[in-house]
Every structure is written in structure tokens, then in C-alpha cells.
Amino acid sequence: MVVTWTSHSYVTPFLYPFQVVALFSNSDSCVRSECEDISSFRCPKNTFERLSLQTSALVFCSALPAKSNGFIRIDCFGGLNQMRRDLCDGVGIARLLNATLVLPKFEVAAYWNESSGFGDVFDVDYFIQKMNGFIKVVKDLPTYISSKEPFRVDCSKRKGQFDYRETILPLLLEHHYISLTPAMSQRRDRYPQYAKATLCQACYSSLRLTTSLEKRALELLDAIPKPFLSLHLRFEPDMVAYSRCEYPNLSPSSLAAIKAAGGEDKKPWTGEIAQSWRKRGKCPLTPNETALMLQSLRIPTSTNIYLAAGDGLMEMEGFTSVYTKVFTKSDLLNREDFTRMHGNTKAALDYYVSINSDAYVATYFGNMDKMVAAMRAYKGMHKTLFLSRKAFAELTSQGLEEEELKKALWEVHRNDFEIGRGSALPDCFCEFKQ
């Protein structure tokens, strides 16, 4: 198979739309050896820099095993993108154990203002169709097992394929129907290719918003003035409280909100510990610091910015006093529709807008940022940038201010800024370097 390449011409400044280039099809994204030796599937070396998904290049030369070892339900917790990560990992585990996948269960959580399930956010029929050939997915359990609850399996210390095969598979064979939540640290790199391909197919090719939610997302995208930058800003009270960072210059109302969110268990670090923690890049950027960093990257203050963020952001006047063209979901959507939306549906809209924006900038590197960066890389949209909290802390600790600080921040981000390369999830991507 011949892989053809088209060189990329990056357009400056960072915000403005990409030059249109011809992208090769997914089937050409990676090279596979003869089909009887699927284990030797490899990415090509020494080619132009490129990120692309592995799954479509993988040709399945044998059908799924005729007999399933049982049924697995993935129980997903947290915000939407954390649940999506759990789902991706869980699908890989289910394929590893030759199980039939039951539609995942999304946590109902008052904390996230959440009651929507998997089928309220994602198109179930599309998911089943796209997973066909990778793993069997069922909406309903067979009658002989439908009345029982799944046996709950603790996967907190299970990370690699042998962990699952040696300890979880016997439980699946015994109980026939189990539920699990994957551990956060998975050794996906050690999965056999068929399990890895199944995971990647689930994560990047099989999840589509429901028709009604996608219609709303398109309406939101159309309402944002073009071109625009999507900014994922994290400075909510609970986020700051969890970081345990000191912010002495915040308003009294913000400090009170942080204290209330953290309680007695999350008091800020002080003294040398606080300084060390900040220098390690553990402290969220304030909106004011974010504005300064965008200015250091020479992003015009007249830029249209979509704020991909949850409710309750603090200190936003420090940002909007500099960047005045800021748009949010609540500004652009019908007020009645917006108030009826739950956390997952709001997060789904932010995700949709962010993977389709002219540029994406993140002040953090959380689950949404990883998912958005990976999908943008898959789509060939390279204008994705993560602001360095560590660099900001180090430079400000040296006493740099104003123009001197902006110049130093430009130098830190310069290569990533000019290339616009995002950090994709490595387990599902081939990375080609010139």
C-alpha cells in the first residue's frame, strides 16, 4: 500500500482558518502486514509529521469468536468526558475478555446537575452499527439474565491485559453478567491490537450526538461569529479548592466560594510547599493570567472567543476587560432550552463546538482537553494549544512582569504555537515525524 502525503502550510496568526489540504483516507493512515499476522500491525517511520487513527487501517481477517464469555456493563462516573474515557477503556476491556457489551450506565449525579444517560447524549443505534465487527453490543439483556443485577467488579488495581484475563475473566465466566469501571491508569499499550482497535473505534468513530442534541450544537456553532477561538478555561471554586493553591489577590466573594467548596479538607498550601506546588504547574490559571498569556501569543484582543466552560467561573472581569468579544452557551442559546439542559448535554455542546472551532486553547490538561485535542488531530485540525501553567509560575517567580514576561511566555510557547500541534491520546494514534 502506498501512502501519499500533502505538506501542511500553517497560517499565521494562530486564530485564522487552516489552509485547505488534501488529507489521505483513514485506510491509508497506518501500514498493516499480511492479514494472517495481525499482531505485526505497525505505524510507518520517518515520514512527515502527522497524527492519525489506527483503527481503520486494521483489517479483520477473522470474525469475532462465535461464543461470548458473558455480558459486561461499563459504569461511568464524573463529568461527560471522564465518562467517555471510562467508556473507551471499558470497551477495550470487554473485547479483551471476549464479552458482549451492554449499553453503558452513566452516573446520575446531583453534584454535576446530571440525570441524562448514555442514550440521552449519544446516538445508540449509530454506536451499535459502528462497533459491528469490533465487538457485539446489545440494548437489552436476554430474558434468562435480564432480571438480575450485574456482579460488581473492583478494577481499581487492574491495569494490563493479564490483570483482566487472570482475575476478571473467571468472575465473568462465573456470574455471566458483570459491571466495572476501568482504573484511571490503563496499560493500553500492552493490549493486543484487536482490543486496542476496538477501544479506539469506540472512542473516535462510534460516538455521535443524538439528532436533537446535534441540531442544537449546530445552531450554537452557527451563532458564533467567525473565525473564532474556543477557550477551555477552568477557574471554578471547586477546581481551585481541589488544587490547594494560594490566590491572595482574589475578590472576597471568590475567596469565600473557594473556602466553601474546599471545606476543612482542602485548605491551601502555604509557605515553601505552596511555592513548590505552583512551580510544578499545579495551579489553575486565573482569567487575568489567561488573558495575559493570550496577549503574549499575539492573539488580538478583538478575537471572537467561545468560552467552553462550566457554570460558576470566577474573576471573569479580568479576562473580559481585555478580550471583549466573548460568547457563551447561555448567551447564544434559547434561554428556556438552556435552563432545561443538564451537565452532560452542556458539556457535549462545548465538545462539539471545540472540535469544530478555528483554534482551541486550553488552560488545563483534563479529560475534555485530551479528547478535544485528539479528535482535532484526527480531523487534521492542528491549531490546538495548551498554555503552560508551569512556565507561567516559573517566570513570574523570577520577577518578570509586563512586556518582559510576555516575551518570555512567547518563547516558551513559540514552537507549539507556530505549529499548532495538539497532544493526542497516544494509544490510538500513529505519530509520524519527519
Side-chain angles (χ1 to χ4, degrees), residues 68-124 127-128 130-131 134-142 145-161 163-188 191 195 198-204 206-207 209-210 342-345 347-348 351 366-368 370-371 425 427:
S68 167
N69 287 329
F71 297 88
I72 290 181
R73 186 187 76 196
I74 312 303
D75 293 346
C76 305
F77 296 87
L80 178 65
N81 290 288
Q82 181 178 333
M83 291 196 285
R84 179 173 175 165
R85 184 203 65 200
D86 288 345
L87 170 62
C88 297
D89 282 330
V91 170
I93 293 166
R95 180 64 183 92
L96 189 67
L97 301 180
N98 183 32
T100 298
L101 186 70
V102 181
L103 287 178
K105 179 182 179 182
F106 277 13
E107 175 194 34
V108 176
Y111 178 82
W112 296 96
N113 185 25
E114 191 49 66
S115 61
S116 51
F118 178 79
D120 297 313
V121 179
F122 296 113
D123 186 328
V124 170
F127 178 72
I128 294 173
K130 296 297 285 186
M131 293 310 300
F134 289 85
I135 191 171
K136 185 177 180 181
V137 184
V138 295
K139 292 181 181 179
D140 302 301
L141 290 164
I145 205 172
S146 60
S147 61
K148 67 178 290 187
E149 283 295 307
F151 180 79
R152 178 67 182 165
V153 177
D154 179 11
C155 290
S156 58
K157 296 182 180 179
R158 314 295 176 211
K159 297 184 180 180
Q161 59 168 312
D163 280 345
Y164 289 107
R165 283 174 170 160
E166 291 173 7
T167 62
I168 308 300
L169 182 56
L171 294 171
L172 176 63
L173 293 171
E174 177 185 354
H175 297 280
H176 307 295
Y177 179 30
I178 66 172
S179 68
L180 57 85
T181 301
M184 291 185 67
S185 302
Q186 296 291 306
R187 291 308 308 266
R188 310 177 194 90
Y191 282 10
T198 303
L199 180 157
C200 299
Q201 175 73 3
C203 206
Y204 296 107
S206 301
L207 293 176
L209 299 182
T210 62
H342 295 284
N344 281 348
T345 48
Y351 172 83
N367 291 308
M368 175 172 168
K370 294 172 185 176
M371 291 291 182
L425 299 184
D427 301 301

Please table the atom pairs, donor to acceptor, closer than 3.5 Å between any side-chain atom in residues 98-106 and protein atoms at least two apart or in another chain.
from	atom 1	to	atom 2	distance (Å)
N98	ND2	K67	O	2.9
T100	OG1	S68	OG	3.0

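Counting heavy atoms from C-beta on, the side chains of R95 and L199 never come closer than 4.5 Å. Put simply, the side chain of D120 does not reach to within 4.5 Å of the side chain of F118, judged on heavy atoms. Using a 4.5 Å heavy-atom threshold, the side chains of P182 and I74 count as touching. Two residues are said to be in side-chain contact when any heavy atoms from C-beta on lie closer than 4.5 Å; I72 and S179 fail this criterion. In this structure, the side chains of Y164 and L169 stay at 4.5 Å or more apart for every pair of heavy atoms. A heavy-atom distance below 4.5 Å is found between the side chains of N344 and V121.
In this structure, Y177 OH and F151 CZ are separated by 13.5 Å, a value rounded to the nearest 0.5 Å. The NZ atom of K136 lies 7.0 Å from the CZ atom of F71; values are rounded to the nearest 0.5 Å. Annotation: the span from I145 atom CD1 to H175 atom NE2 amounts to 11.0 Å, rounded to 0.5 Å. Note that CD1 of I135 and CD1 of I93 are 10.5 Å apart. Values are rounded to the nearest 0.5 Å. Residue I178 holds its CD1 atom at 4.5 Å from CG of L172, rounded to the nearest 0.5 Å.
For C76, the disulfide (SG to SG under 2.5 Å) criterion is met by no residue, not counting sequence neighbours. Scored by the side chain to side chain donor-acceptor pair (under 3.5 Å) test, N69 finds no partners at all (sequence neighbours excluded). With sequence neighbours excluded, the residues forming a side-chain contact (heavy atoms from CB on, under 4.5 Å) with A347 are L80, listed by chain and number. Taking the side-chain contact (heavy atoms from CB on, under 4.5 Å) definition, one finds that N81 meets it with Y351, N367, M368, M371, sequence neighbours left out. Take R152 and apply the salt bridge (Lys or Arg N to Asp or Glu O under 4.0 Å) test, not counting sequence neighbours, and it matches D75.
Distance alone, capped at 3.5 Å, is enough to place a donor-acceptor pair between the E107 side chain and the G78 backbone. A donor-acceptor pair is defined here as one N or O able to donate and one able to accept, closer than 3.5 Å; no such pair exists between the side chain of R73 and the backbone of L180. In this structure a side-chain-to-backbone donor-acceptor pair under 3.5 Å is present from Q201 to K130. In terms of modelled atom types and a separation under 3.5 Å, the side chain of T210 and the main chain of D123 share no donor-acceptor contact.
In this model, C200 has its SG atom no nearer than 2.5 Å to the SG atom of C88.
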